[in-house]
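Single-structure report; data block below.
Ligands are counted one by one from 1 in listed order, and the atoms in each one are counted from 1 as well. Here the structure is a predicted model, which is why all the values come from computation and not from measurement.
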Amino acid sequence: MNKNITVLKGDGIGPEIVNEAIKVLDKVCEKYSHKFTYTEVDIGGCSIDKYGVPITKEGMEKCKSADSVLLGAVGGPKWDNVDPSIRPEKALLAVRSELGLFANLRPTKLFMQLADSSPLKPSIVGNGIDLMIVRELTGGIYFGKRRTEMLDGEKVATDEMTYSEHEIERIGRVAFETARKRSSRVASVDKANVLDSSRLWRAVMHRLADEYADVEYSDILVDNTAMQLIKNPSQFDVIVTENMFGDILSDEASMLTGSIGMMPSASLSEGTLGMYEPIHGSAPDIAGMDIANPIGTIMSCAMMLRYSFDMPREADAIEAAVNKALDDGYRTADIYKEGFKKVKCSEMGSIIAANI
Ligand code: NAD
């Protein structure tokens, strides 16, 4: 299969980790007879330096016309004080909105080889953690009307949380379809005991649950979910929730594994176009030192193959290659412990590529 990938390496460790991910993708092409063509586009601080904007119009068009987009990370202290309208992160929000990326998938998987990096006790993480948070990304309170006004002599601020049936249904479908490719369980998180938007959320999810009768479905309140994620995270398969609840719960969940450099993510549109990126930032403190962990970016490529290119066998091969590298004792500095083999970012990429 031929696929066009627009590559946004970005700033800080972005270029280092994306180069390793491309090494792995090239090995997948060689082994499974695919052809991936990469088009590089500047994004974030490096684009501000060259063109005065965090992404150019031409760059955005190259994202829209691609089969998928691979992102490293953007930002760094050099651009902290630029005009807010051209901050590096503005480019990310623009890409998400122009590409219609309404579904954010964040898997939280504990690699058992790294179980002692989790802040939770072995008695809790011993059964493994393998859950997927499906977060609605373009609606809810972050996109609702907001205002601050004077009422009765004091300031009053209002943020509206709005959801329409079609917005809930399309994210629900992503969750149910995702569950079918995993352990077929969906937990829908809301605050239906208080919020109207949550009651509508729940009603639409119930309609979908009837339609996807092969998927086990449950409702859970957001406050209970926050507690259950710590008490018994292995009970979850797919969690689907609205924008703000998802923002908070996905950060909570990512900490369960204890290693930010390992976690991938995918942002999906209604078609097959998606953007894939590690959850961490540009790590300016270690940029240019060849010590970053490229696994979050490499695992993001596995998600790209699974969700945008419908290549589950190739995605499995990447995940198995990462597991083998960890089984063989290779560790980048962030996950290194005595007794293991410390490797650089570029060495980890080569080892994983060789395992494909
Ligand atoms: P960060 O995720 O970049 O770094 C936090 C800590 O984790 C640092 O100590 C860093 O060295 C370490 N770390 C991160 N990724 C690592 C990896 N792959 N391997 C090893 N260690 C890793 O968060 P921050 O320091 O708060 O932000 C730095 C910059 O990144 C800021 O400009 C911020 O705005 C930006 N940022 C960008 C994105 C994005 O592009 N999606 C996301 C978050 C932050």
Side-chain angles (χ1 to χ4, degrees), residues 6-24 41-49 54-55 59 63 69-84 86-97 99 101 104-106 111 114 117 119 135 137 246-248 250-251 254-255 257-267 274-301 303 322 325-326 330-337 340 342-349 351-352:
T6 293
V7 176
L8 310 172
K9 292 184 178 175
D11 307 313
I13 60 170
E16 299 164 49
I17 52 178
V18 170
N19 287 344
E20 298 318 304
I22 289 177
K23 242 186 223 174
V24 175
V41 166
D42 289 310
I43 191 168
C46 61
S47 176
I48 295 173
D49 287 350
I55 187 164
C63 293
V69 178
L70 175 63
L71 169 73
V74 298
K78 185 176 173 195
W79 304 282
D80 275 351
N81 297 316
V82 298
D83 186 306
I86 56 156
R87 278 188 66 90
E89 300 79 17
K90 283 272 172 189
L92 285 188
L93 297 179
V95 174
R96 283 177 192 153
S97 120
L99 272 57
L101 305 175
N104 184 234
L105 268 60
R106 240 199 220 192
F111 290 86
L114 307 178
S117 302
R135 167 189 168 196
L137 204 56
D247 191 5
I248 298 166
S250 60
D251 267 25
S254 72
M255 271 320 292
T257 67
S259 48
I260 194 172
M262 312 280 297
M263 294 293 116
S265 80
S267 299
M275 180 162 78
Y276 299 85
E277 59 182 304
I279 69 162
H280 58 73
S282 60
D285 52 334
I286 57 167
M289 296 162 75
D290 196 18
I291 58 169
N293 187 342
I295 291 179
T297 318
I298 292 170
M299 294 296 275
S300 300
C301 291
M303 295 187 81
V322 167
L326 296 174
Y330 296 108
R331 302 284 189 270
T332 42
D334 56 312
I335 50 173
Y336 174 75
K337 288 216 163 60
F340 290 92
K342 195 191 248 183
V343 290
K344 301 234 167 230
C345 176
S346 53
E347 290 168 320
M348 185 59 108
I351 290 162
I352 295 169

Residue portion contacting ligand 1 (non-hydrogen atoms closer than 4.0 Å) for Val74: both

Heavy atoms of the protein only: does one fall short of 4.0 Å from atom 27 (O) of ligand 1? no

Could you tell me, atom by atom, which parts of ligand 1 come under 4.0 Å of a heavy atom of Glu89? 34 (O)

Leu71 and ligand 1 - part of the residue with a heavy-atom distance under 4.0 Å: neither

Flag, side chain of Glu347 to backbone of Lys344, donor-acceptor distance under 3.5 Å: yes

Compute the shortest N/O to N/O distance between Gly76 and ligand 1 and return yes if it is under 3.5 Å, no if not. yes

Logged contact type for Ile291 with ligand 1, heavy-atom cut-off 4.0 Å, is neither

Give yes if a backbone or side-chain nitrogen or oxygen of Ile279 is under 3.5 Å from a nitrogen or oxygen of ligand 1, and no if not. no

Pick one of side chain, backbone, both or neither for how Pro77 approaches ligand 1, counting any non-hydrogen atom pair under 4.0 Å. neither

Sub-4.0 Å atoms of ligand 1 with respect to non-hydrogen atoms of Ala73: 40 (O)

Backbone, side chain, both or neither: what part of Ile286 comes under 4.0 angstrom of ligand 1, heavy atoms only? side chain

When you compare ligand 1 with Gly281, is there at least one nitrogen or oxygen pair between them that comes in under 3.5 angstrom? yes

